[in-house]
Number of protein chains: 2
Amino acid sequence: MPTQDAAAAPTGEGEAEWENAVHEAGLRMTEPRRRVLQALEQLGHATPEVLVAHLSAQGSPLPASTVYRNLESLARAGLVRHSHMHEGVAAYHLPTHGQHLHLVCRECGRVIEAAPDLARDLARNLHRAHGFDADVTHMAIDGRCSACREERIS
Amino acid sequence: MPTQDAAAAPTGEGEAEWENAVHEAGLRMTEPRRRVLQALEQLGHATPEVLVAHLSAQGSPLPASTVYRNLESLARAGLVRHSHMHEGVAAYHLPTHGQHLHLVCRECGRVIEAAPDLARDLARNLHRAHGFDADVTHMAIDGRCSACREERIS
DNA sequence: ATGGCTGCAAACAATTTGCACAACC
DNA sequence: GGTTGTGCAAATTGTTTGCAGCCAT
């Protein structure tokens with residue numbers, strides 16, 4: 001399974017399914033909630049602040065508190081997930097966004113997505129050595145990307 | 001819940017060496033600075049807030065700003081390092097604290113330390129697949145510890 | 001003595017909460 | 001119609017900054 005990122009998918013795609021899932025979770029489908037899900041689909045993954053900015057940019061802004069509350073309720077319902085990246089800030093994404101490791105370059109800040117298979121060895125090692133059940137589906141890994149390393153061949 | 005770590009070493013141990021290193025870095029050795037280093041040695045690794053609390057607990061409190069500024073200057077001098085863990089918050093530690101992976105249990109919050117060798121496969125995989133130079137010396141890994149998993153044999 | 005360091009307070013940024021009203025089912 | 005969700009503002013929390021005086025070098 002290639003890492004190919006769902007290049008800015010044509011908006012308005014899984015909207016009907018969302019409504020379903022939202023209702024099944026005992027939640028209501030509202031306009032702000034739909035916009036949050038939509039934005040997440042477009043961005044792939046984003047921090048709360050980025051979402052607020054994104055939503056402000058396209059059309060009417062959504063109050064930060066609404067964005068935060070939606071992320072929380074949707075996360076509790078399993079409709080969105082969160083992982084840690086971007087220098088320690090939690091970022092959210094749709095479960096359908098696919099599982100992958102986040103390679104965070106400490107120099108340029110870029111986030112590269114890698115296949116979770118690459119961490120399978122690690123997970124197995126940790127389980128054997130510590131009985132630790134690692135979640136490597138959205139793990140953030142710090143380091144330097146190839147581009148930045150080349151720039152500094154000094 | 002406290003991160004019972006490397007057995008509270010007998011305080012006042014590497015203090016002389018610190019003074020050396022601090023001077024070599026062009027910094028001055030002050031009482032607050034010594035206390036920050038001392039606290040880090042005792043705690044193994046800690047977030048700024050935890051440090052502030054710890055220092056308040058034992059003797060006279062140190063203003064948060066002083067703690068933050070010391071962490072920054074000491075980090076720039078290479079006397080302390082930082083990594084991301086504890087739900088996305090940056091934690092600091094002495095370089096002598098040793099390199100290890102941090103297994104963060106998402107249920108009990110405990111941080112287990114694991115040998116970095118366990119991530120060697122991962123680093124190799126990432127380098128081969130993406131040319132990414134991963135820093136796995138202080139990586140935080142999310143998951144569930146053996147104790148918590150047993151509690152929920154569901 | 002002099003420039004880095006401290007302490008305090010105020011500024012900031014990010015996130016949370018209270019509450020009255022609106023909207024979904 | 002009963003609640004869940006929204007919007008606004010104020011409260012919290014975590015971190016940074018300005019500045020006057022202090023103290024290591």
Side-chain angles (χ1 to χ4, degrees), chain A residues 15-16 18-40 45-56 59-77 79-80 82-92, chain B residues 15-40 45-56 59-80 82-92:
Chain A
E15 312 228 341
W18 289 341
E19 186 133 7
N20 250 0
V22 163
H23 287 161
E24 273 169 29
L27 302 175
R28 298 175 180 177
M29 180 51 95
T30 65
E31 176 62 11
R33 185 160 284 163
R34 187 191 326 279
R35 292 185 63 201
V36 167
L37 288 166
Q38 199 172 85
L40 272 180
H45 52 74
T47 64
E49 327 150 42
V50 167
L51 277 173
V52 171
H54 183 78
L55 290 166
S56 276
S60 54
L62 223 46
S65 59
T66 294
V67 173
Y68 278 101
R69 282 191 281 223
N70 269 302
L71 287 174
E72 189 191 329
S73 58
L74 291 172
R76 197 164 33 217
L79 279 160
V80 310
H82 69 292
S83 50
H84 313 309
M85 61 189 84
H86 295 135
E87 271 297 308
V89 179
Y92 291 79
Chain B
E15 312 229 343
E17 304 160 33
W18 290 340
E19 185 132 8
N20 249 0
V22 163
H23 287 163
E24 275 169 28
L27 300 175
R28 297 176 181 177
M29 180 52 95
T30 65
E31 177 62 12
R33 184 158 285 162
R34 188 189 329 276
R35 291 184 63 201
V36 167
L37 288 166
Q38 200 172 85
L40 272 180
H45 51 75
T47 64
E49 328 149 42
V50 168
L51 278 172
V52 171
H54 181 80
L55 291 166
S56 276
S60 53
L62 222 46
S65 57
T66 295
V67 172
Y68 278 101
R69 282 191 279 226
N70 268 301
L71 287 174
E72 190 193 326
S73 58
L74 290 172
R76 199 167 29 216
L79 278 160
V80 309
H82 69 292
S83 49
H84 311 309
M85 62 190 83
H86 294 132
E87 272 298 306
V89 180
Y92 290 79

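Labels below follow one simple rule: chain letters A, B, ... track the order of the sequence lines, proteins then strands, and each chain is numbered from 1.
Taking atom CD of residue A:E49 and atom C1' of nucleotide C:dC12, one finds them 13 Å apart after rounding to whole Å. Rounding to whole angstrom units, CG of residue A:L74 and P of D:dT4 are separated by 16 Å. Taking atom CG of B:L79 as the reference point, atom P of C:dC5 lies 12 Å away to the nearest angstrom. We find that CG of B:N70 is positioned 15 Å from C1' of D:dT15, with the value rounded to whole Å. Following rounding to the nearest Å, A:R34 (CZ) and C:dA23 (P) show an atom-to-atom distance of 15 Å.
Between B:L27 and A:S73, it is A:S73 whose nearest contact on DNA chain D lies nearer the 5' terminus.
Checked against salt bridge (Lys or Arg N to Asp or Glu O under 4.0 Å), A:E24 has no partners two or more places apart in sequence or in another chain. Scanning for side-chain contact (heavy atoms from CB on, under 4.5 Å) contacts around B:S56 gives B:P61, with sequence neighbours left out. Applying the side-chain contact (heavy atoms from CB on, under 4.5 Å) test to A:A53 and every residue at least two apart in sequence or in another chain returns nothing. Partners of B:A21 by side-chain contact (heavy atoms from CB on, under 4.5 Å), not counting sequence neighbours, listed by chain and number: B:L79. A search for salt bridge (Lys or Arg N to Asp or Glu O under 4.0 Å) contacts involving B:R28 returns nothing, not counting sequence neighbours.
Of all non-hydrogen atoms in B:L55 and B:V36, the two that sit nearest each other are CD1-CG2, 4.3 Å. Of all the heavy atoms in B:A39 and B:L51, the pair that sits closest is CB-CD2, 3.7 Å.
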Detail all sub-3.5 Å separations between protein N/O atoms and N/O atoms belonging to nucleotides 20-24 of chain D.
unit_1 : atom_1 : unit_2 : atom_2 : d
D:dA24 : N3     : B:R28  : NH1    : 3.4

Treating primed atoms plus P, OP1 and OP2 as sugar-phosphate and everything else as base, which nucleotides of nucleotides 16-22 of chain C get B, S or - for protein heavy atoms under 4.0 Å? BBBB---
For residues 63-74 of chain B, dump all side-chain donor-acceptor pairs below 3.5 Å to protein atoms at least two apart in sequence or in another chain.
unit_1 : atom_1 : unit_2 : atom_2 : d
B:N70  : OD1    : B:R33  : NE     : 2.7
B:N70  : OD1    : B:R33  : NH2    : 3.2
B:N70  : ND2    : B:T66  : O      : 3.1
B:E72  : OE2    : B:R76  : NH1    : 3.3
B:S73  : OG     : B:R33  : NH2    : 3.3
B:S73  : OG     : B:R69  : O      : 3.1
B:S73  : OG     : B:N70  : O      : 3.1

